[in-house]
A.B. asks: 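Got a structure here, written out as structure tokens. Questions coming.
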Amino acid sequence: MGRHAKINTVTLNNGVAMPQLGFGVWQVPNEESTAAVTAALQAGYRSIDTAAVYGNEEGVGEAIATFLAESGTPREELFITTKLWNTDQGYEKTLLAFDESLRKLDLDYVDLYLIHWSTPEKDTYLDTWRAFEEILAGGRAKAIGVSNFEPEHLQRIIDLGGTVPAVNQVELHPRLQQSVLREFNTAHGIHTEAWSPLAQGQLLEDPAITAIAAAHGKAPAQVIIRWHLQLGNIVIPKSVTPERIAANFDVFDFELTDADMAAIAALDNNGRVGPHPNQFN
Ligand code: NDP
């Protein structure tokens, strides 16, 4: 078996396979994103998470193009996600913004397109979703989903009777375990994807985490990523540091015990690093 055979995939609700562990590039400047994504692809990651608002779709696209050409890896082995920014919501604006993202990424299709935030006060996500369904039907996104959607926002999309979002990407880490939202997602066939899975680094010195890490001879970040994988989350840690990029992918040779999982479960304290979706418009 090649080393990449170890990547777990999940099957989304339309049959598309998505790697459970991917690489996030928020706050990576465009000019640094090419090196970071190249390091990730070389370390074995096959899933990359960007967004129009990150301003690095061009740098990400450059890394992808070079990697595919130099390694001979087929495009279908990669899983590329981007997201529609809030100011581009609405049927017409979404279609234009999607074209622009594809152009910047220099791709014919993305694997997953997400509405970045529900922005409930604007109340435009239902119109936006109609455009997403059109993009899906045209094959230019293999799957469509949402990010930062609360159950009541998801329910309105489900009630349209069309495509159920494949993914809901939300803030999720040991301090914000999102059990209610995860249950809602699962009940509707929606996969939960964890953003800021390491709580942006804030959890790495937590004594419960460092004790588990010591017991397994692993780093704290590896323990937290493993926790996500064992819960069934899709997880997209970010780093610009090559050693950390590789370490965060080296999580398939150990397993957390039930006691480890319980100790991490006890860290849940509704601690957010980002805004609540209902307050972000
Ligand atoms: P993470 O929780 O992934 O944490 C990233 C931070 O942890 C960086 O400071 C990084 O440092 C550090 N770090 C990473 N690995 C290690 C390690 N092994 N040891 C020590 N420190 C480490 O934060 P993000 O907020 O970036 O979330 C991940 C991704 O989720 C984003 O990049 C983005 O793709 C997505 N996201 C989506 C949002 C949404 O609204 N949909 C919102 C926020 C994030 P360094 O880089 O310096 O190595």
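All residue numbers in this chain count up from 1 along the given sequence. In each ligand, atom 1 is the first atom listed, and ligand 1 is the first ligand listed. From a predicted model like this one, the values you see are computed outputs, not experimental measurements.
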A.B. asks: With a 4.0 angstrom cut-off on heavy atoms, strictly below it, pick out the residues next to ligand 1 and order them by chain and number.
C.D. replies: Gly24, Val25, Trp26, Asp49, Tyr54, Lys83, His116, Trp117, Ser147, Asn148, Gln169, Trp195, Ser196, Pro197, Leu198, Ala199, Gln200, Gly201, Leu204, Ala221, Ile236, Pro237, Lys238, Ser239, Val240, Thr241, Arg244, Asn248
A.B. asks: Tell me which donor-acceptor pairs under 3.5 Å the side chains of residues 220-228 have, and how far apart each pair is, sequence neighbours excluded?
C.D. replies:
unit_1	atom_1	unit_2	atom_2	d
Gln222	OE1	Ala219	N	2.8
Gln222	NE2	Ala247	O	3.0
Gln222	NE2	Asp250	O	3.4
Arg226	NE	Gln230	OE1	2.9
Arg226	NE	Phe254	O	3.1
Arg226	NH1	Val251	O	2.8
Arg226	NH1	Phe254	O	3.3
His228	ND1	Asn233	ND2	3.1
His228	NE2	Pro197	O	3.0

A.B. asks: Test: salt bridge (charged side-chain N to carboxylate O under 4.0 Å, His left out). Region: residues 251-274. Which pairs qualify, not counting sequence neighbours?
C.D. replies: Lys218-Asp253
A.B. asks: As a quick check of understanding, evaluate salt bridge (charged side-chain N to carboxylate O under 4.0 Å, His left out) for Arg75 and Asp111, giving each step before the final call.
C.D. replies: CA-CA 10 Å; Arg75 163 72 181 89; Asp111 296 275; 2.9 Å; yes
A.B. asks: Would the Tyr125 and Phe149 ring centres measure less than 6.0 Å apart?
C.D. replies: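 Between Tyr125 and Phe149, the centre distance is under 6.0 Å.
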A.B. asks: For the side chain of His191 and the backbone of Thr11, is there at least one donor-acceptor N/O pair under 3.5 Å apart?
C.D. replies: yes
A.B. asks: Which residues satisfy the side chain to side chain donor-acceptor pair (under 3.5 Å) test with Asp106, sequence neighbours excluded?
C.D. replies: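 In terms of side chain to side chain donor-acceptor pair (under 3.5 Å), with neighbours along the sequence ignored, Asp106 is linked to no residue.
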